[in-house]
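Report on the following structure.
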Amino acid sequence: MATALPVRAQVPAAGQATKQHASWSPYDDNGGTVVAVAGDDYCIVAASTRMSTGYSILTRNKSKILRLNPKCVVASAGMQADMETLHKMLHSRHVTYQFNHRRPMSCPATAQLLSNTLYYKRFFPYYTFNLCAGLDDEGRGAVYTYDAIGSYERVGYGCQGSGKELIQPVLDNQLKAASPLVLPQQQWLSSLPLEQAVDLVKGAFVSAGERDIYTGDDVEILIITKDGIRTDSLQLKRD
Amino acid sequence: MLHRPTSHSAAIGPGPVPSLANPGPALEQQPRHAPQAPSCGSEAFCVDPQALSSSHPRQHTQYPYVTGTSVLGITFKDGVLLACDTLGAYGSTKRYKSFDRLRKVNDVCMVGASGELSDFQYIMRLLEELSDDDFCMDDGHHLKPAEVHSYLTRVLYNRRNKMDPLWNSLVVGGFHSGKPFLGTVGMIGTSYTDAHLATGFGNHLARPLMREKHHPDMSEEEAVALMHECLKVCYYRDKNSINKFQLAKVTKDGVSISEPFALETNWGFKLFQNPAANAVGTW
C-alpha cells in the first residue's frame, strides 16, 4: 500500500467535493448539572448556573429551574434553547390549567405533563434532561427523573446533566437508598434532616465542580417546604 | 371537430399529428409546475422546476455565504454599547466594506448581527414590520428590548426546527425603565442575557478582557475605552475583520449609531515582524 500523501497534497477527486464549511447541527450541549433530593416534608432542587458550548463559557448566570408554583418546579440540563422552549411550553400549559381548574397543577400531574410533552417530540426530541420536583398531594417530597424522550420514574433523589456520573453515586451512597430490587418496596424518601441534605447537595456540587468543566460558577438551590420555596446559593470555582 | 394535437416530434415533423400517429411522450400533456411556471407558451424564467421536484433537500441554506464577524456588547451605568466592524465577507474575500451590521429597531432597542448578512436583512425586515405595526397603532407602545430579544429567539429557534436555520448570532441592546438590557441569540436559538457579550471570535478574544475590566456601573467614557480595546484585539487576531468600526449606544435619550471610524493600530511589534523567532523549525 502506498504511503499516505501529506494532507496538503490531497486533491479531491472530481465530483467529490470536500466539505469546506462547518456542518450544521440543530443540537448543542450547553452542559450543567441539576440535582433534586426529596425528604419526608421537603424537597431540595439545585442547578448549576454555568452555560457553556464546547470549551467556551457563554454565561455564568443562567437559571435552569422553572418555578411553576410553590409546590412544583422543573429543572433541566442539556441544550439551552430546547430547555427554554420546554419551560415556556410548560409555563403556558400551567397557566391554562389554572384557568380551567382554578388551582395550581400538582407535582404528579406536572410530572405526567412533562413526560407527555417530551414524548410529543419523540422523533425530534428536546435535548434536555429533566427533573420534576416538589411536594406531592400528601406533602411529601417528590422527585421525578426523565430521559430526553419522556420515560420517567418517581425516585427519592435524582441527578441529571453533565455532572450526573460524578454526583449520582455519591447520592446513592450517602442517602442509603434501598435497592429497588428489594421486596416489598422500601421507603425511598431521604430520612436526612433538611439541613444535612442541603449540605450533602452542596458538597456534591463542589466535588462535581472540581472535575466537570461544565459545572461551575454558581449553584441555585431551592428548598421546597409546605411554607413555600426558600432559595439558597453556593459559589463554585469560576475556572 | 376534434382537436388535433400538434407535435414537434422529429419523427413526424412539425404541424398537426396524423390521426393514428403517436408522437410519444413529447406530446403528452406535460405536468406544469404549479404557480411558478406559465400556463402556456414556453417555459419562462422561473424557479428551476428540477430543483422544486428534486427529492434532495435544499442545501444552500446549510452554510453561510456573506458573513459578518463578531459583535461586541457591554452595559454601562446608563446604557448599552454595541460595536462591530462594517465588513461583509464573502468567504475570506472582503466583499462589502460598508455594511451596517448595527441597526436600530426603535427608540429603546437596537440589534447587531454576525453571521449570514442576507439572513440578517430578512430578520430586520421582520423587525421593521413589527415596528411599523407599533407605529400604525399609534398608542405610544413599542417593543421593549426584552421582547425583541424573546421574539428573535423564537424566530431563530423556529427556523432551526425546520432544519433551515437563519445563520446568525444576534446581539440585542436596549435601555428601558432605567435599566440596560443586553442579550444574544444564536442560530439554533441559544439565548442569554449578560452584562457583557460577544459573538463568534469575540467570545474568545474580547470576552476575557470584558470579564477583567467590566463593571456594571462604569461610566460611558470607560465603557467606550474598553470597547475600543476589545475591537482592537479582535481586529489584530481576526482575519475576517477590517479597521472600520461602528459603535452604537442606547441610553434614556434613545439609540445613536456612530459614523464608521478607524482605530489606531500598531503592527511594529517584534514578534509581528518575525513571528517565528521563538519557534524553531517554522517559517
Side-chain angles (χ1 to χ4, degrees), chain A residues 8 17-32 47-65 76-89 91-92 117 120-128 214 216-218 220 237-239, chain B residues 57-65 67 70 73 91-92 115-116 149-169 171 182-208 210-212 214 216:
Chain A
R8 259 175 296 129
T18 49
K19 230 194 288 187
Q20 297 212 338
H21 48 83
S23 59
W24 180 76
S25 163
Y27 286 120
D28 190 14
D29 186 355
N30 298 114
S48 65
T49 64
R50 175 176 294 180
M51 174 177 158
S52 326
T53 183
Y55 290 124
S56 300
I57 295 172
L58 293 176
T59 179
R60 299 187 188 277
N61 190 29
K62 178 81 192 150
S63 174
K64 292 178 178 58
I65 303 179
S76 319
M79 178 179 159
Q80 188 268 341
D82 278 346
M83 179 200 86
E84 205 76 44
T85 310
L86 179 65
H87 285 190
K88 276 195 175 200
M89 179 77 77
H91 175 76
S92 102
T117 310
Y120 182 78
K121 291 212 8 122
R122 172 64 180 82
F123 298 107
F124 184 25
Y126 288 122
Y127 191 62
T128 55
Y214 299 112
D217 296 328
D218 286 297
E220 182 187 18
K237 284 192 181 176
R238 299 169 85 80
D239 60 358
Chain B
R58 182 170 43 171
Q59 291 197 323
H60 67 270
T61 57
Q62 301 287 305
Y63 44 90
Y65 282 90
T67 56
S70 323
S92 50
E116 172 66 48
H149 180 240
S150 179
Y151 171 78
L152 291 175
T153 306
R154 277 12 274 172
V155 170
L156 267 64
Y157 183 77
N158 189 241
R159 287 291 293 264
R160 166 263 186 196
N161 282 351
K162 294 177 176 172
M163 293 289 177
D164 185 12
L166 293 170
W167 205 282
N168 292 109
S169 289
V171 178
L182 188 56
T184 181
V185 198
M187 59 181 297
I188 58 174
T190 310
S191 68
Y192 55 95
T193 59
D194 211 334
H196 50 74
L197 294 172
T199 65
F201 245 129
N203 205 32
H204 296 96
L205 298 172
R207 210 68 194 287
M210 295 175 179
R211 287 191 176 125
E212 193 173 297
H214 179 269

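Convention: sequence-line order gives letters A, B, ...; per-chain numbering from 1. Remember, it's a predicted structure, so these values are computed and weren't measured experimentally.
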Counting only heavy atoms closer than 4.5 Å, note whether [X] contacts chain B via side chain, backbone, both or neither.
| X | value |
| --- | --- |
| A:Tyr55 | neither |
| A:Thr85 | both |
| A:Met51 | side chain |

query = In terms of the angle between their ring planes, are B:Tyr65 and B:Tyr63 parallel, tilted or perpendicular, with boundaries placed at 30° and 60°?
reply =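 Because their plane-to-plane angle lies in the 30° to 60° range, the rings of B:Tyr65 and B:Tyr63 count as tilted.
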key: Worked verdict on A:Lys88 versus B:Ser150 for side-chain contact (heavy atoms from CB on, under 4.5 Å)   = CA-CA 11 Å; A:Lys88 276 195 175 200; B:Ser150 179; 3.0 Å; yes
task = Inspect the contact between A:Lys62 and A:Asp217 and indicate whether a charged nitrogen and a carboxylate oxygen are less than 4.0 angstrom apart.
result =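 Salt bridge between A:Asp217 and A:Lys62, a charged N being under 4.0 Å from a carboxylate O: no.
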Neighbourhood of chain A inside residues 186-199 of chain B, taking heavy atoms under 4.5 Å as contact = B:Met187, B:Ile188, B:Gly189, B:Thr190, B:Ser191, B:Tyr192, B:Thr193, B:Asp194
inquiry  = To the nearest 0.5 Å, what is the distance between CE on A:Met89 and CG on A:Asp82?
reply    =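 If I round to the nearest 0.5 Å, the distance is 11.0 Å.
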inquiry  = For the OG atom of B:Ser70 and the CZ atom of B:Arg207, what is their distance to the nearest 0.5 Å?
reply    = 12.0 Å
remark   = Counting heavy-atom pairs under 4.5 Å with chain A, the top scorer among B:Thr153, B:Thr184, B:Val185, B:Asn161 is B:Asn161
request  = Please check if the distance between the ring centroids of A:Tyr126 and A:Tyr120 is under 6.0 Å.
outcome  =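 No; A:Tyr120 has its ring centre 6.0 Å or more from that of A:Tyr126.
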request  = Assess B:Arg154 against B:Tyr151: is NZ or CZ under 6.0 Å from the centre of the six-membered ring, and within 45 degrees of the ring's axis?
outcome  =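 Judged by the rule, B:Arg154 and B:Tyr151 form no cation-pi pair.
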Side-chain donor-acceptor contact under 3.5 Å, A:Asn30 with A:Tyr214 =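 Judged by distance alone, the side chains do not pair up.
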